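Below is one structure, written out as structure tokens, with a few remarks after it.
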Amino acid sequence: MKTQSNASGKLRQRITIERLTKTKGTNGATKRTYMPFKTIWASANGLYGKEYWQAKEYGGEDTVQFVFRYASCKDLSKELDRIVFRDVVYNIISIDNINFQNTFWKVKATASIPQSGV
């Protein structure tokens, strides 16, 4: 079993959590956009084995598992947040507070597919 210090030593990747916010445009209309919320250290791993094949069933081959400190974003939300890693946007599909210890988050997220013609 990994110790906390061992797990935290593997947080070598920078990710940015973006949060969905409402802003008012120049014409007064409300606009919903993602804005950078926090940039933090994380580990990032592609899925493999059983998890990969389960993700492939729903088209989530580009799913990455991120692990980062709970304290770095206590209010993480699947509905409001997304992750940017190496200039790729990842939509959060699951959030796990590992062993309910409020120490680390384990987040699975799938790469966003850009819409053609936009």
Side-chain angles (χ1 to χ4, degrees):
M1 186 161 141
K2 293 180 183 177
T3 63
Q4 289 180 7
S5 60
N6 189 16
S8 63
K10 295 182 180 186
L11 306 180
R12 297 184 181 132
Q13 305 294 329
R14 294 298 271 175
I15 65 170
T16 298
I17 297 172
E18 292 184 336
R19 180 149 292 169
L20 187 61
T21 59
K22 294 179 184 178
T23 58
K24 290 217 177 208
T26 54
N27 61 358
T30 301
K31 183 177 166 185
R32 295 171 57 114
T33 57
Y34 281 95
M35 301 293 293
F37 180 59
K38 294 186 179 197
T39 299
I40 59 175
W41 291 103
S43 70
N45 294 301
L47 300 182
Y48 55 90
K50 183 179 177 182
E51 287 185 325
Y52 171 80
W53 292 106
Q54 287 174 339
K56 189 171 178 64
E57 286 181 18
Y58 64 83
E61 296 92 2
D62 295 330
T63 300
V64 174
Q65 177 177 282
F66 299 96
V67 176
F68 51 91
R69 286 184 181 88
Y70 177 88
S72 63
C73 191
K74 291 180 182 179
D75 61 343
L76 186 67
S77 167
K78 190 166 85 168
E79 292 77 24
L80 297 176
D81 299 329
R82 67 184 187 181
I83 295 172
V84 179
F85 172 59
R86 295 186 176 175
D87 297 323
V88 176
V89 174
Y90 291 86
N91 296 313
I92 297 172
I93 55 174
S94 71
I95 299 173
D96 179 16
N97 178 358
I98 299 173
N99 297 324
F100 299 100
Q101 293 179 343
N102 297 344
T103 306
F104 288 97
W105 288 119
K106 180 167 49 173
V107 176
K108 289 183 185 170
T110 304
S112 180
I113 300 169
Q115 296 178 357
S116 59
V118 178

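Source: prediction; values computed, not measured.
Looking at residues two or more places apart in sequence or on another chain, you find a side chain to side chain donor-acceptor pair (under 3.5 Å) between T16 and T39. Residues forming a side chain to side chain donor-acceptor pair (under 3.5 Å) with S94 (at least two apart in sequence, or on another chain): none. By the side chain to side chain donor-acceptor pair (under 3.5 Å) test, N102 is found to be paired with N97, residues two or more places apart in sequence or in another chain being considered.
A continuous path of ILVMFWY side-chain contacts below 4.5 Å connects L11 to I98, so both sit in one hydrophobic cluster.
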Which pairs would a plain distance check flag for residues 24-35, meaning a side-chain donor or acceptor within less than 3.5 Å of a matching protein atom at least two apart in sequence or in another chain?
{"residue": "N27", "atom": "OD1", "partner": "A29", "partner atom": "N", "Å": "3.0"}

Quiz: residues 70-89 side-chain donor-acceptor pairs under 3.5 angstrom, not counting sequence neighbours:
{"residue": "S72", "atom": "OG", "partner": "R69", "partner atom": "O", "Å": "2.5"}
{"residue": "D75", "atom": "OD2", "partner": "R19", "partner atom": "NH1", "Å": "3.0"}
{"residue": "S77", "atom": "OG", "partner": "E79", "partner atom": "N", "Å": "3.2"}
{"residue": "S77", "atom": "OG", "partner": "E79", "partner atom": "OE1", "Å": "3.4"}
{"residue": "S77", "atom": "OG", "partner": "L80", "partner atom": "N", "Å": "3.2"}
{"residue": "D81", "atom": "OD1", "partner": "R19", "partner atom": "NE", "Å": "2.6"}
{"residue": "D81", "atom": "OD1", "partner": "R19", "partner atom": "NH2", "Å": "3.2"}
{"residue": "D81", "atom": "OD2", "partner": "R19", "partner atom": "NH2", "Å": "2.8"}
{"residue": "D81", "atom": "OD2", "partner": "S77", "partner atom": "N", "Å": "2.8"}
{"residue": "R82", "atom": "NE", "partner": "E18", "partner atom": "OE1", "Å": "2.7"}
{"residue": "R82", "atom": "NH2", "partner": "E18", "partner atom": "OE1", "Å": "2.9"}
{"residue": "R86", "atom": "NH2", "partner": "Q13", "partner atom": "OE1", "Å": "3.3"}

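In this structure, R12 fails the cation-pi test against W41, since its NZ or CZ atom is not both closer than 6.0 Å to the six-membered ring centre and inside 45 degrees of the ring normal.
Within the 4.5 Å cutoff, side-chain heavy atoms of V107 are placed close to those of F68.
A side-chain contact (heavy atoms from CB on, under 4.5 Å) with K108 is found for exactly one of I93, V64, D96, namely I93.
Expressed to the nearest 0.5 Å, how far OH of Y90 lies from CG of D62 amounts to 7.0 Å.
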**Request:** Could you go through the side-chain contact (heavy atoms from CB on, under 4.5 Å) check for N91 and T110 one step at a time?
**Result:** CA-CA 5 Å; N91 296 313; T110 304; 5.5 Å; no

